[in-house]
Amino acid sequence: MFHFKPPLPFMGSKIAMLKRVKEALHSMAFTQAIRKDTIFYDVFGGSGLLSHYIKQLYPQNEVIWNDFDNFKERLDNIEKTENLRFRLHNLCKDYSTKIKLPQEIIDKIKQILEQEQYLDLTTLSSYLCFAGNYAITKEQLFNNIKYHRIPAKPLNAKGYLRGVMRVSKDFKQLLEEIPQEEKDKQQAFLILDPPYLQTQKGNYRDFYTLKDFCLLVENIFKPYLFFSSKNSDILPFIDFYKKYNPVFEDYKIDKASLKIGGEDYMICSSTQTGLFDSL
Ligand SMILES: C[S@@+](CC[C@H](N)C(=O)[O-])C[C@H]1O[C@@H](n2cnc3c(N)ncnc32)[C@H](O)[C@@H]1O
């Protein structure tokens, strides 16, 4: 079963790029950059949406999801979050989503939340705070409850990430641990969706710095899909940098305009038809 968005909200998930990912992978499969023994490494796995989607497209292949943020904990607690969604939806459904909730309702929401041991702050922020305002502490959440956008539809994680292998480590360690043989045989396929430089980092676990970006581009190998944005100046950078790392020669690029302005880029490594005919 395909999920076209993560079962729980996650900032930066690649919902809008899935169709393009499918097309890019299919054309790479055509040129044999994807084979039966290809292992996909979703190095900046976030919500796992790309891992899930790729596993649905290529069920025979191994897919490794790097869950640096421990999204698994949120998934493991989805029933508790669903229970809250249901109660909060019933409490708020008669109030407009456009105007501030009455103070008595805000107080009731707080009472309900106070009784809970586990709170998925990201999901609750998306329900109760201004769009894009993600609380990282309970206090922040409580101070920012103003409006509501609580979906009527139940949360559903059925089959999500089934068959996908989970790891949780810094990207540098993960890249280092990929066996040299997999790199040499171009068996390891990198899915690279790092935090974008020069854009908001939201509620990710750690800051991702220019130094991290440099370490990443230094260690990239083919084949790969690499996501970035116009704001990050990635194209002029790659044009400059390809003389230092030839994996950036002859790359292909897919540009997607974003609703909120700006442009997302998906950079695909070039492939050579017939390279793996003998395998
Ligand atoms: C743009 S998001 C990835 C979104 C993901 N593709 C999705 O569809 O949900 C970037 C992710 O990289 C993670 N990240 C940041 N620093 C990292 C590091 N040093 N090692 C591994 N992951 C890191 C962030 O926490 C975030 O989950």
Side-chain angles (χ1 to χ4, degrees), residues 2-22 24-25 40-58 63-75 78 120-123 125-126 132 134-136 155 157 160-161 164-178 188-220 224-232 234 254 256 258-260 262-268:
F2 274 94
H3 286 258
F4 296 101
K5 59 179 193 163
L8 294 163
F10 188 88
M11 202 182 103
S13 78
K14 283 288 160 290
I15 301 170
M17 296 295 276
L18 292 183
K19 198 163 160 261
R20 295 177 139 89
V21 168
K22 178 167 134 187
L25 291 179
F40 292 96
Y41 289 88
D42 188 3
V43 177
F44 299 89
S47 65
L49 183 65
L50 291 175
S51 292
H52 161 76
Y53 190 67
I54 292 170
K55 187 69 187 170
Q56 297 300 307
L57 293 174
Y58 298 94
V63 179
I64 295 168
W65 166 45
N66 187 20
D67 180 18
F68 185 67
D69 303 76
N70 197 9
F71 188 71
K72 180 178 183 291
E73 184 185 52
R74 296 180 56 203
L75 288 175
I78 198 164
D120 180 335
L121 293 173
T122 307
T123 302
S125 300
S126 79
Y134 288 107
I136 49 175
L155 296 169
Y160 189 64
L161 291 166
V164 167
M165 190 183 148
R166 174 185 180 270
V167 295
S168 180
K169 39 188 91 179
D170 185 87
F171 78 91
K172 299 176 270 303
Q173 190 190 344
L174 178 59
L175 290 178
E176 219 174 275
E177 285 175 5
I178 297 177
F189 189 119
L190 297 180
I191 306 292
L192 301 167
D193 184 19
Y196 295 169
L197 290 177
Q198 301 173 51
T199 39
Q200 199 198 345
K201 296 191 178 64
N203 57 349
Y204 295 153
R205 198 185 108 183
D206 267 337
F207 284 115
Y208 175 86
T209 61
L210 184 58
K211 183 176 164 197
D212 290 314
F213 173 80
C214 293
L215 285 166
L216 176 64
V217 292
E218 209 178 12
N219 289 294
I220 288 184
Y224 63 80
L225 281 189
F226 183 20
F227 297 87
S228 192
S229 71
K230 194 171 186 174
N231 281 351
S232 306
I234 190 73
D254 186 335
L258 301 176
K259 269 193 224 147
I260 37 161
E263 226 168 21
D264 259 2
Y265 294 160
M266 183 174 63
I267 297 157
C268 317

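Atoms within a ligand are numbered from 1 in the order they appear, just like the ligands themselves.
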Engineer: Quick one: does Pro6 get within less than 4.0 Å of ligand 1, heavy atoms only?
Structural biologist: no

Engineer: Using 30° and 60° as the class limits, which term best fits the ring planes of Tyr224 and Phe226: parallel, tilted or perpendicular?
Structural biologist: perpendicular

Engineer: What do we get for Phe171 next to ligand 1 when only non-hydrogen atoms under 4.0 Å count, side chain, backbone, both or neither?
Structural biologist: both

Engineer: Of the listed options (Lys14, Met11, Met17), which comes nearest to atom 8 (O) of ligand 1 when hydrogens are ignored and any heavy atom counts?
Structural biologist: Lys14

Engineer: For the 3.5 Å polar cut-off, considering only N or O atoms, please tell me whether Ser13 and ligand 1 meet it.
Structural biologist: no

Engineer: What part of Asp69, side chain from CB on, backbone N/CA/C/O, both or neither, has a heavy atom under 4.0 Å from ligand 1?
Structural biologist: side chain

Engineer: Just jot down the ligand 1 atoms closer than 4.0 angstrom to any heavy atom of Gly12, in number order.
Structural biologist: 1 (C), 4 (C)

Engineer: Side chain or backbone, does Ser47 bring an N or O within less than 3.5 Å of an N or O on ligand 1?
Structural biologist: yes

Engineer: Take Phe44 and Leu216 through the side chain to side chain contact (heavy atoms under 4.5 Å, CB included) test and state the conclusion after the steps.
Structural biologist: CA-CA 11 Å; Phe44 299 89; Leu216 176 64; 3.9 Å; yes

Engineer: Could you label the plane-to-plane angle of the Trp65 and Phe71 rings as parallel, tilted or perpendicular, counting under 30° as parallel and over 60° as perpendicular?
Structural biologist: perpendicular

Engineer: List ligand 1 atoms under 4.0 Å from Asp193, heavy atoms only on the residue side.
Structural biologist: 1 (C), 2 (S), 3 (C), 4 (C), 5 (C), 6 (N), 10 (C)

Engineer: If you draw a 6.0 Å radius around NZ in Lys172, do more than 12 non-hydrogen atoms from other residues or ligands fall strictly inside?
Structural biologist: yes

Engineer: Is there a donor-acceptor contact under 3.5 Å linking the side chains of Ser126 and Thr123?
Structural biologist: no

Engineer: Could you check Arg74, Lys72, Arg166 and say which one makes a salt bridge (Lys or Arg N to Asp or Glu O under 4.0 Å) with Asp67?
Structural biologist: Arg166

Engineer: Distance to the ring centre below 6.0 angstrom and angle to the axis at most 45 degrees; does that hold for Lys169 and Phe68?
Structural biologist: no

Engineer: So for ligand 1, is Asp170 a polar contact partner (N or O within less than 3.5 Å, distance only)?
Structural biologist: yes

Engineer: Are any of the N/O atoms in Leu50 less than 3.5 Å from those in ligand 1?
Structural biologist: no

Engineer: Below the 3.5 angstrom mark, is there an N/O of Lys172, backbone or side chain, next to an N/O of ligand 1?
Structural biologist: no

Engineer: Do the side chains of Lys230 and Asp264 get close enough for a salt bridge, i.e. N-O under 4.0 angstrom?
Structural biologist: no

Engineer: Under 4.0 Å, heavy atoms only, figure out whether ligand 1 is touched by the backbone of Phe44, its side chain, both or neither.
Structural biologist: both

